[in-house]
Amino acid sequence: MFSITMRAMSDRDEQKPRGGFFKRLRERMNRGRGLGLTLGFAGRKLDDELAEELETQLLMADVGLDAADRILAAMRKKLGKAAIDSDDQVRALLRDVLADMLRDHAQPLTVDTSARPYVILVVGVNGSGKTTTIGKLARRLKDQGYSVMLAAGDTYRAAAIEQLQAWGERNDVPVVAQQPGADPAAVIYDACEAARARGADVLLADTAGRLQNKAGLMAELEKVVRIAGKLDPAAPHEKMLVLDSSLGQNAISQAVEFHNAVGLTGITMTKLDGGAKGGVLVALAAQLDVPFRFIGVGEQAEDMDVFDADAFAAALAGIESA
Amino acid sequence: MFDNLSDRLKTVTERMRGRGRLTEDNITDAVRDVRRALLEADVALPVVRGFVDRVRERAVGAEVTRSLSPGQAFIKVIHDELAGVLGAGATGFELRHQPPVVILLAGLQGAGKTTTAGKLALYLKERAGRSVMLASLDTRRPAAILQLQQLAERVGAVWHPSTADDAPLDIARAAVDAARRSQAGVLVLDTAGRTRLDEELLAELKVLHTEIQPQETLFVVDSMAGQDAVNVAAAFGETLPLTGVILTKADGDARGGAALSVKTVTGQPILFLGTGEELSGLEVFHPERMASRILGMGDVLSLVEEVEQKVDRKQAEKLARKVQKGKGFDLEDLRDQLEQMMNLGGLESLLDKLPLPGGVNSNQLAGQVDDKSLRRQVALINSMTPRERRFPKIINGSRKRRIAAGAGVAVPEVNRLLKQHTQMQKMMKRMSKGGMKRALRGLPGLPGR
């Protein structure tokens, strides 16, 4: 067993200045302002008025009503009736509360190289960034020394196969594909066989985007999972949901429904560079026992890194140094 | 879409419905619930504030308090405000320009611009009878150009080729020239997705707009969009003089907050809803009807239109005559009905437009009677002899086994179908006597009110 994180961290330490990624994360999550707390809290108590201001800002970050209530309750408990010293105190408190809620979910993906291939099935709604995530993951895993193959399991959308093939070329990894309209389960089965024959460490399998309320498409996904397990009962080893941070509370319904259908083992959140703050992860943390794997903050392959609860909480709370 | 918001608002309105007198307390409660419902539906906070303030103001005003049934008046206020936020009256396109009419699509990555470009082309071709040219300025996403090319072929639009090495502005200019030369009626330009914070790409879009001067500049937005949707819409609106909005993925279970937010922020009407994976999945957006749909009053108008478009009129008339004469509603008729239902986009899309009581949402119902079971029932009927279809009474145990085997299902499914048919027969009888309302009361599965 190798841990991607451990390697990734050490890689980065050697190559780039420390904290490069999280600096970018903070910068990009609304230019370092995080929730953009309009402060002026010093000297006040956490009374109803202040709580409402905080709630408002949490809601604006897509945290959702329930999670916002829980965050405020936790902050009240920690702060008691004491007056607030400074705005930074509120931010730090918020960061601590958020990090506590997220910490259990910060479990990095670990590739078991004995599986050969270790199959990662990437699922999600249309336009969430599945194919791009696969492209970035392929690059990342390859840089870490794994041999990687891709499976073009989106046989429905026009040119989805070519889009994945472009990522394959860019990263110089082989892509197993069939013609448009082919049975996705068959494509992924073939890819598993091919990856096994070539002794590839990791197989990244793309799937067509599907809205979680389409029973037929969700059943198709169940079939893909079933068939992927024919050669190796443990496959797909990772069933990763890709969530678009610019979507709101619907992300919860997505996670719940995909989890019900295939039993997710990981969640990756994309597009955090767009201005959306991804607060829905806080709501998700309370509802689902699924690890958060990666977050994406840009179009480049290196704009994706392992989910870190403290760094994410700090960025959400708008704290400069994690 | 909107199911959840709809559920929440229905709970509020049903509580208010019977009220003869509105007090400050019950108005405050109701308004608070409305606020919560809107926020949970991802309606942007600034929009929620305005909405709630206006509802509160009108609720204590003379229009409601002096009304004979204040509860009803309160519901009307919410309905009006919803319709107001969604935009007044369906607008659609102005296509009476010197051709080619240029339509520019813009939006975030993954909003569904390319698919929408394909759907729009088909819509303009089939419904407006225009010749359409498609061109892609998305030189960033791998295979985006190829994707639109394939869609162009599928919908029969003229394709203006481009490559990832071209500059978007050059492609656009060449496409306008080509459209003019080939006398295309409409040119739809797809662009690369970009975030609201990407100043460079927004600037590129602005230059593009200034140079090309499209007649329509449409903002494509995901109906599942969250709180940041207002900022995104504002950023695009500041960059480009938007003329309309297309809301995509509206067949999902999104709570539809984006719809309520973007109209307010951009000041531009929502023109279309993108629904479903098929390229024909583009509906004209009707704000008033949508408001009714959200409040559970159903969108019978859209349903009627859809039925008119897709249902075989002759068949329907044949059935109507049959029912009126009190003649039997046999299994052949049931099969026709089931097939027509599938033509209408399945039960889900039908239920979505019917008025349902609070607490029942179309997703739950659709879960009970999914489209698969429709197909299974058709298969069962196909597996019967003509005589069995006409006289279901003769279906005995051995016939049931044969029918089940023929359709590839178990015998209880045959029983279920026959039972359902008997119920429908009864309903038809009642309908010929007492009209639709009485008939629906007897429909199993729908909780009575």
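Every chain is numbered from 1 and lettered A, B, ... according to where its sequence line falls, protein lines coming before strand lines.
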Under 4.5 Å from a heavy atom of chain B, the part of [X] involved:
| X | value |
| --- | --- |
| A/Val125 | side chain |
| A/Ser246 | both |
| A/Gln165 | neither |
| A/Ser245 | neither |
| A/Leu217 | side chain |
| A/Gln254 | side chain |

Leading residue by heavy atom contact count with chain B [cutoff under 4.5 Å; candidates A/Gly127, A/Ala159, A/Ser128]: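 Between A/Gly127, A/Ala159, A/Ser128, the count favours A/Ala159.
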
In Å and rounded to the nearest 0.5 Å, what is the [atom1] to [atom2] distance from [X] to [Y]?
| X | Y | atom1 | atom2 | value |
| --- | --- | --- | --- | --- |
| B/Leu39 | A/Met60 | CG | CE | 10.5 Å |
| A/Leu272 | B/Thr195 | CG | OG1 | 11.5 Å |
| B/Arg141 | A/Thr131 | CZ | OG1 | 8.5 Å |
| A/Leu211 | B/Ser223 | CG | OG | 8.0 Å |

Atom [atom1] of [X]: over 12 foreign heavy atoms under 6.0 Å:
| X | atom1 | answer |
| --- | --- | --- |
| A/Gln179 | CD | yes |
| A/Glu222 | CD | yes |
| A/Arg157 | CZ | yes |

Using a cut-off of under 4.5 Å on heavy-atom pairs, state which of B/Gly226, B/Gly118, B/Gly112, B/Ala258 scores highest against chain A. B/Gly226

Who are the ring pair (Phe, Tyr, Trp, His ring centres under 6.0 Å) partners of A/Phe258, not counting sequence neighbours?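 In terms of ring pair (Phe, Tyr, Trp, His ring centres under 6.0 Å), with neighbours along the sequence ignored, A/Phe258 is linked to no residue.
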
Do the charged groups of B/Arg35 and A/Glu52 touch, with an N to O distance under 4.0 Å?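 Judged by the 4.0 Å cut-off on N to carboxylate O distance, B/Arg35 and A/Glu52 do not form a salt bridge.
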
Lys/Arg-Asp/Glu bridge criterion (N-O < 4.0 Å) met for B/Asp251, A/Arg210: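 No, this pair does not count.
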
Counting only non-hydrogen atoms closer than 4.5 Å, can you tell me which residues of residues 143-156 of chain B sit against chain A?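 Residues of residues 143-156 of chain B touching chain A at under 4.5 Å: B/Ala143, B/Leu146, B/Gln147, B/Gln150, B/Leu151, B/Arg154.
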
How would you list, in number order, the residues of residues 45-52 of chain B that have a heavy atom less than 4.5 Å from chain A?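 The stretch touches chain A at B/Leu45, B/Pro46, B/Arg49.
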
Chain A contact via B/Asn231 - side chain, backbone, both or neither, heavy atoms under 4.5 Å: neither

Can you check side chain to side chain contact (heavy atoms under 4.5 Å, CB included) on B/Gln227 and A/Lys277, steps first, answer last? CA-CA 9 Å; B/Gln227 289 289 330; A/Lys277 305 193 181 63; over 6 Å; no

Provide the closest heavy-atom pair for B/Lys249 versus A/Asn126 in the form atom of the first, atom of the second, distance.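 Shortest heavy-atom contact: NZ-O, 2.7 Å.
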
Donor-acceptor check, side chain of B/Asp42 to backbone of A/Gln249, threshold 3.5 angstrom: yes or no? yes

Checking the side chain of A/Lys271 only, and the main-chain atoms of B/Gln109 only, is there a donor and an acceptor separated by less than 3.5 Å? yes

Partner residues of A/Ala185 under the side-chain contact (heavy atoms from CB on, under 4.5 Å) criterion, sequence neighbours left out: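 Counting only residues at least two positions away or on another chain, A/Ala185 forms a side-chain contact (heavy atoms from CB on, under 4.5 Å) with A/Asp183, A/Lys223, A/Val224, A/Ile227.
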
So do A/Asp273 and B/Leu197 actually touch side chain to side chain, heavy atoms under 4.5 Å? no

